[in-house]
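Working notes, structure below.
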Amino acid sequence: MNRIYIEQLSKHIGKEVTLRGWLYIKRSSGKIKFVVMRDGTGLVQGVIAKSEKSDELFAKFEELTQESSFIMKGKVRKEDRAPGGCELDVSDIQIMQIAKDYPITPKDHGVEFLMDRRHLWLRSSRQHAILRVRHHIIKAIREFFDDGGFLLLDAPIFTPAACEGTTSLFETPYFDLGTAYLTQSGQLYGEAGAMAFGKVYVFGPTFRAEKSKTRRHLTEFWMVEPEVAFSDLDDNMDLAEEFLEYIVQSVLKHRMPELQTLERNTTFLSNVKRPLPRITYDEAVEILRKQGVTFEWGNDIGGTDETIVSEQFDRPVMIHRYPAETKAFYMKRDPKNPKLSLALDVLAPEGYGEIMGGSQREDDLDVLLQRIKENNLPQEAFEWYLDLRRYGSVPHSGFGLGVERTVSWICGLDHVRETIPFARMIYRLTP
RNA sequence: UCCGCGAUAGCUCAAUGGUAGAGCAUGCGGCUGUUAACCGCAGGGUUGCAGGUUCGAGUCCUGCUCGCGGAGCCA
């Protein structure tokens with residue numbers, strides 16, 4: 001059977017079709033009735049006009065409520081007044097189930113109310129647009145790496161120890177082996193993959209028990225992390241900007257209707273083309289001081305300061321060579337200035353802040369051992385990782401891109417909670 | 001953990017310390033082209049919880065609970 005969906009309805013003008021879906025909204029004007037169906041792919045308005053057969057249809061129309069499931073038959077007609085370009089002259093309605101008191105009405109609702117009903121909120125057109133853009137971004141990420149010769153390397157979710165720092169880990173009992181932790185990053189495993197396959201990317205959910213309560217934080221979020229052997233910081237930045245350009249331009253090419261639904265101004269997105277500006281941490285500090293911010297060298301650049309720096313540019317900006325003190329143990333120091341790490345952050349414009357973070361990794365066994373000691377990390381847990389430096393160590397680098405922050409920025413949202421079907425936050429575990 | 005804001009009808013919000021109200025939603029009625037349709041009528045309240053001040057508290061005070069935004073930390 002060849003199922004017809006609303007999305008392709010304009011290809012069936014003049015034909016009798018059967019549509020299956022849910023009632024989005026209905027309107028009535030005496031002897032003519034309008035029934036808007038959604039089927040997951042789009043919306044179409046069915047028209048029931050007064051006729052010899054309309055008494056039965058009018059009765060069915062009266063029964064239908066918002067989100068009731070039904071089957072609608074009729075002839076597709078070109079209609080310039082309709083948003084999708086066509087309408088359905090309804091000849092039959094078969095009700096499957098009547099929804100009683102659907103809680104989400106077409107009017108305003110608060111965040112808590114909607115998040116409590118996220119499983120239903122997903123049905124609204126705005127959420128459809130966001131999750132379609134999310135899907136496309138993930139598709140573009142996979143295309144970019146798959147076509148670029150990268151191997152997809154799935155890292156474990158259960159890990160024995162922290163990748164970065166020991167705070168903010170979710171713990172879970174693990175049989176006789178004690179405690180397992182949910183992964184914060186697949187990076188260390190990505191490095192093993194890079195030494196095995198040359199170029200890999202890890203893509204999966206990551207978990208951070210940070211008690212952050214902001215528009216940019218989830219406790220469970222998706223991250224894509226490429227890792228490349230024989231790659232230094234400059235190579236890493238080349239890859240990062242090519243990658244970001246690919247994603248954004250692909251969304252602009254394929255998901256413009258969704259961005260329009262979201263009323264997204266795409267000026268800044270169109271600017272996401274190579275080369276992206278690259279500034280050092282020192283230069284960023286200089287920008288901040290010129291803007292009148294008192295900033296002490298060595299501090300991390302916080303949210304407000306990120307915005308001030310990124311406002312100086314019309315596209316995402318890369319900041320590199322951060323003070324080593326604030327960065328992770330596995331990042332390589334700058335040979336020209338050991339106070340600096342060969343680290344990299346990418347800040348999205350319009351106040352969206354950090355969407356990517358990466359570095360060239362420390363490839364010298366002795367230096368890495370020393371860093372582990374300095375950070376009071378348990379060396380036993382990292383023996384396998386140290387093996388990567390014992391057996392054919394090479395310069396290598398990589399970065400991580402946060403999927404939800406990227407979706408939030410591209411869609412122009414004010415919170416990441418709408419970028420994932422079911423958000424996990426410090427005070428939200430349901431639905 | 002800290003700072004700030006908030007909680008009133010199913011939902012979104014009003015209400016000088018003095019009779020708790022509107023829009024939407026729901027129900028009933030009307031309308032042959034509506035686009036979050038429109039018009040009329042109706043039902044709908046333990047003002048988050050526990051105390052206190054006052055002749056009188058949705059409103060002022062104290063504590064608690066929950067939510068929202070931010071800081072730190074981060075993608």
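So that the names make sense, note that chain A is the first sequence line, chain B the second, and so on, each numbered from 1. The figures that follow rest on heavy atoms only: side chains count, while hydrogens, waters and symmetry mates do not.
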Any [X] side-chain nitrogen or oxygen under 4.0 Å from OP1 or OP2 of [N]:
X	N	answer
H415(A)	G69(B)	yes
R417(A)	G69(B)	yes
K33(A)	U34(B)	no
K50(A)	U32(B)	no
R208(A)	A75(B)	yes

Find the distance [X]:[atom1] to [N]:[atom2] and express it as a whole number of Å.
X	N	atom1	atom2	value
E354(A)	C74(B)	CD	P	8 Å
I426(A)	G69(B)	CD1	C1'	14 Å
L114(A)	G67(B)	CG	C1'	14 Å
E67(A)	C11(B)	CD	P	19 Å
F113(A)	C13(B)	CZ	P	12 Å
R117(A)	G67(B)	CZ	C1'	14 Å
D101(A)	C11(B)	CG	C1'	12 Å
D108(A)	C13(B)	CG	C1'	10 Å

Find the partner of [N]: check Watson-Crick (N1-N3 plus N6-O4 or O6-N4) and G-U wobble (N1-O2, O6-N3) distances, both under 3.5 Å, and reply none if neither fits.
N	answer
G63(B)	C49(B)
G10(B)	C24(B)
U54(B)	none
U34(B)	none
G69(B)	C3(B)

So [X], base contact, sugar-phosphate only, or nothing? Heavy-atom distance under 4.0 Å.
X	answer
D345(A)	nothing
I25(A)	sugar-phosphate
E87(A)	base

Ring of [Y], cation from [X] - is the NZ or CZ under 6.0 Å from the centre and inside 45° of the axis?
X	Y	value
R117(A)	W121(A)	no
R424(A)	F422(A)	no
K26(A)	F34(A)	no

Is there a donor on the side chain of [X] or the base of [N] sitting less than 3.5 Å from an acceptor on the other?
X	N	result
S212(A)	C73(B)	yes
H217(A)	C74(B)	yes
E112(A)	G6(B)	no

Taking the side chain of [X] as heavy atoms from C-beta outward, which of [options] is closest to it?
X	options	answer
Y427(A)	G67(B), G33(B), A36(B)	G67(B)
S28(A)	U34(B), C31(B), A75(B)	C31(B)
R216(A)	U32(B), C11(B), A71(B)	A71(B)
E210(A)	U1(B), A71(B), C73(B)	C73(B)
I32(A)	A71(B), G33(B), A25(B)	G33(B)
E306(A)	G72(B), G33(B), C74(B)	C74(B)
K213(A)	C73(B), C31(B), C68(B)	C68(B)

| Mind checking whether F170(A) and F207(A) have parallel, tilted or perpendicular rings, split at 30° and 60°? | perpendicular
| Aromatic rings F203(A) and W222(A): how do their planes relate, parallel, tilted or perpendicular, breaks at 30° and 60°? | perpendicular
Taking only the [atom1] atom of each, what is the distance from [N] to [M] in whole angstrom?
N	M	atom1	result
G33(B)	C38(B)	P	16 Å
U34(B)	G43(B)	C1'	28 Å
A57(B)	A20(B)	P	11 Å
A14(B)	G23(B)	C1'	11 Å
G30(B)	C68(B)	P	45 Å
C13(B)	U65(B)	P	24 Å

| field | Pi stacking test for F221(A) and A75(B): under 5.5 Å apart, planes under 30° | value | yes
| said: Please identify which of these residues, Y201(A), F145(A), F150(A), meets the ring-ring contact (aromatic ring centres under 6.0 Å, His included) condition with F243(A). | reply: F145(A)
| message | Is the distance from the ring center of F70(A) to that of W22(A) below 6.0 Å? | response | no
| request: Go through the steps for E418(A) and R126(A) under the test salt bridge (Lys or Arg N to Asp or Glu O under 4.0 Å), then give the verdict. | output: CA-CA 10 Å; E418(A) 289 182 61; R126(A) 186 182 156 80; 3.5 Å; yes
